[in-house]
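Presented below is the structure to which this report refers.
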Amino acid sequence: SERQATAVEAEIMATRNLGVLRAEVFSRLDDLDSRVAALEEPWYTDGGAAADDGQAVIVDDGVAGSGGDCDTWAPEPFKDVEAEVEASPLTDVDASPGRCEEQSAGEALPPEAEVEDPPPPLLAPLPSSVSVPPKRSLSRRAGSRILHKVSVSLQYDTLTTTSRSSAKYHFKESVWDVSILTGYAEMGAWVNMLLALSLFLNIAIQVSLCTIVATELSVDPYDEGFVQELRAWRQNVSASIAQRVCDQDYTLSTDTIQFRTYDEARAFTSPGLIPVLETGPALAGVVIFMWTLSVTEVLRAAWDFLMAVRQLHRHKASSSFTICHFDNDAFAIDGVTRWRIYWGFFVGTLQLSIGLCLLFSGAFWLAYTKSIPDLLANAVALSYVMQVDELLYQVVVPRKVKALVANLEPVDMNKSTRMRIMDGIPKKALCTVFFAFAFFGSMVGSSVLPHAGRMRDLRDSICPP
């Protein structure tokens, strides 16, 4: 697709720029090394010979005399003085930090042979146990750090560019999205009739199911009055019948309502894998959270469709609805009329309204389900309700329209430059997570926990602990 091709092209350009920058950095580092090498002078000498690599060298000259061996170092400007001192007879050695001063037996050196203290070295002598790394390793290491920072920066820029280039709305294989093409004369009368039929069936099915769930199923079947009636039954029934109900005696021919109610309440409030969590409320919470995520995806798709219609209105407004055909078998919407824009807003708003209705009514239905098997079955049934539009698209929509939608160019959703200051913030993902957790928390607090409390009251009313 075009989005994948754009992402690959951006990655290739970023990789190419990184390679050019890497070569430039290493070239600059080599030039810097050559200049440093020209300015460097050897710090230490070994017997008057200059060190050839410009590094500190620890020398060990054997000096005859009563003092034994003397570890000496001498800066290169004092080589001649040291050679002149070595020419005199040595009787004693006194090693100092900056030189090896030698004296004759019983007499001092002539005044002209005395050597002034050399200036302190730029660097202190290194111990013999310390290995000096090559002089280019530091610059190479610094260059590697620079390249790492540049690479990270380029990768971030590539991700930002790719995210901006991928901010396009691709028309989905859904009756809702394909409705924007309804009435296009170039597709023919029969194709437009099938598109209108698929949209009508989708709206009728989803609105009917939403109405039934909202009015008939999203109500708690066990209210406070039912709990009071069970307590009155417990007081009036014989002890033997009540005991048979509590023992789950399947040979019981009477009081079947109390028998079934106690069985459902006991299973719903039984401890799960975690003792502090009951099976029914825990499963209801998980199913409601999954249902919330499923409907949130549909709501995001409806909102994106509305934003795409808005972009078409801003950039493709025209007196006629036009679809262009390119050489690579791609299509693009080039002109949209005002009435078709109104139609797109109506369809997107209707999809958003049905999604919200199914979200609330379906969540209440799941929260008030009284048995574990029914809870799982209801969750599966609700998931099929949200897939009616895609099923009708695959069955009713002609193949010609499917090919057009598959090759239709996406709608550019890029915002203006003043809105790109928030490019680094995943606004849509954060809003989705906040909405999902807020809705889930409100449902648990307002429906799941009160329903679990009533199920415990039912269990204790029939068979007190």
Side-chain angles (χ1 to χ4, degrees), residues 205-231 257-258 260-300 302 352-388 431-462:
I205 293 174
Q206 291 194 350
V207 169
S208 301
L209 291 175
C210 182
T211 304
I212 294 173
V213 172
T215 57
E216 301 294 335
L217 302 177
S218 59
V219 180
D220 194 351
Y222 297 146
D223 54 3
E224 189 63 28
F226 186 68
V227 176
Q228 296 298 331
E229 292 175 358
L230 288 178
R231 289 174 180 172
I257 295 179
Q258 291 78 9
R260 187 174 61 253
T261 302
Y262 176 73
D263 182 47
E264 292 175 349
R266 183 179 57 84
F268 193 85
T269 58
S270 61
L273 296 177
I274 302 177
V276 296
L277 295 179
E278 297 175 342
T279 303
L283 183 59
V286 172
V287 172
I288 289 175
F289 186 73
M290 294 175 61
W291 169 247
T292 303
L293 294 180
S294 177
V295 180
T296 303
E297 180 184 2
V298 176
L299 296 178
R300 286 181 56 173
L352 200 63
S353 302
I354 293 176
L356 289 173
C357 177
L358 286 174
L359 174 63
F360 283 92
S361 59
F364 281 112
W365 185 24
L366 295 174
Y368 293 145
T369 302
K370 55 187 178 181
S371 65
I372 302 299
D374 291 345
L375 186 60
L376 297 175
N378 295 343
V380 175
L382 285 174
S383 65
Y384 278 109
V385 173
M386 301 304 301
Q387 298 177 2
V388 172
C431 292
T432 301
V433 171
F434 176 78
F435 175 78
F437 277 96
F439 181 79
F440 171 73
S442 63
M443 288 301 303
V444 170
S446 63
S447 301
V448 175
L449 295 181
H451 178 68
R454 278 188 291 271
M455 295 297 286
R456 286 190 293 269
D457 293 340
L458 289 175
R459 180 195 62 190
D460 297 339
S461 299
I462 299 174

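Between L458 and A265, the shortest heavy-atom distance links the atoms CB-CB, 4.3 Å. Of all heavy-atom pairs spanning V213 and G362, the tightest one is CG1-N, 4.0 Å. Across all their heavy atoms, A367 and H451 have their closest contact at O-CD2, 3.3 Å. Taking each heavy atom of A452 and T269 in turn, the nearest pair found is O-CG2, 4.3 Å. The two residues V219 and Y368 come nearest to each other via the heavy atoms C-CD1, 3.5 Å. Annotation for L352 and A302: closest pair CD1-CB, 3.8 Å, computed over non-hydrogen atoms.
I288 places none of its side-chain heavy atoms less than 4.5 Å from the side chain of V444. Between M455 and E278, every side-chain heavy-atom pair lies at or beyond the 4.5 Å cut-off.
Remark: F289 pairs with F437, F440 by the ring pair (Phe, Tyr, Trp, His ring centres under 6.0 Å) rule, at least two apart or across chains. Residues meeting the ring pair (Phe, Tyr, Trp, His ring centres under 6.0 Å) test with Y222, sequence neighbours left out: F226.
For the atom pair NZ (K370) and CZ (F268), the distance works out to 12.0 Å, reported to the nearest 0.5 Å. Separating the CG atom in L293 from the CZ atom in F439 is a distance of 11.0 Å, to the nearest 0.5 Å. How far CG of L356 is from OG of S361: 10.5 Å, rounded to the nearest 0.5 Å. One finds the CZ atom of R454 at 8.0 Å from the CG atom of D223 (value rounded to the nearest 0.5 Å). Within the model, atoms CD of Q206 and CD of Q387 stand 10.5 Å from one another, a figure rounded to the nearest 0.5 Å. In this structure, I372 CD1 and E264 CD are separated by 10.0 Å, a value rounded to the nearest 0.5 Å.
If you run side chain to side chain donor-acceptor pair (under 3.5 Å) between T369 and each of D374, D220, N378, only N378 comes through. Among the candidates L359, L358, I354, the single residue satisfying the side chain to side chain contact (heavy atoms under 4.5 Å, CB included) test with M386 is L358.
Side chain of S294 to backbone of M290: no donor-acceptor contact under 3.5 angstrom is found. With hydrogens and angles ignored, the 3.5 Å screen pairs a side-chain donor or acceptor of S270 with a backbone N or O of A267.
Atom CD of Q228 sits in a crowded spot, with more than 12 heavy atoms from other residues, nucleotides or ligands closer than 6.0 Å. In this structure, I257 places its CD1 atom where only 12 or fewer heavy-atom neighbours from other residues, nucleotides or ligands lie under 6.0 Å away.
Residue pairs that meet the salt bridge (Lys or Arg N to Asp or Glu O under 4.0 Å) test with at least one member in residues 266-276, sequence neighbours left out, are D263-R266.
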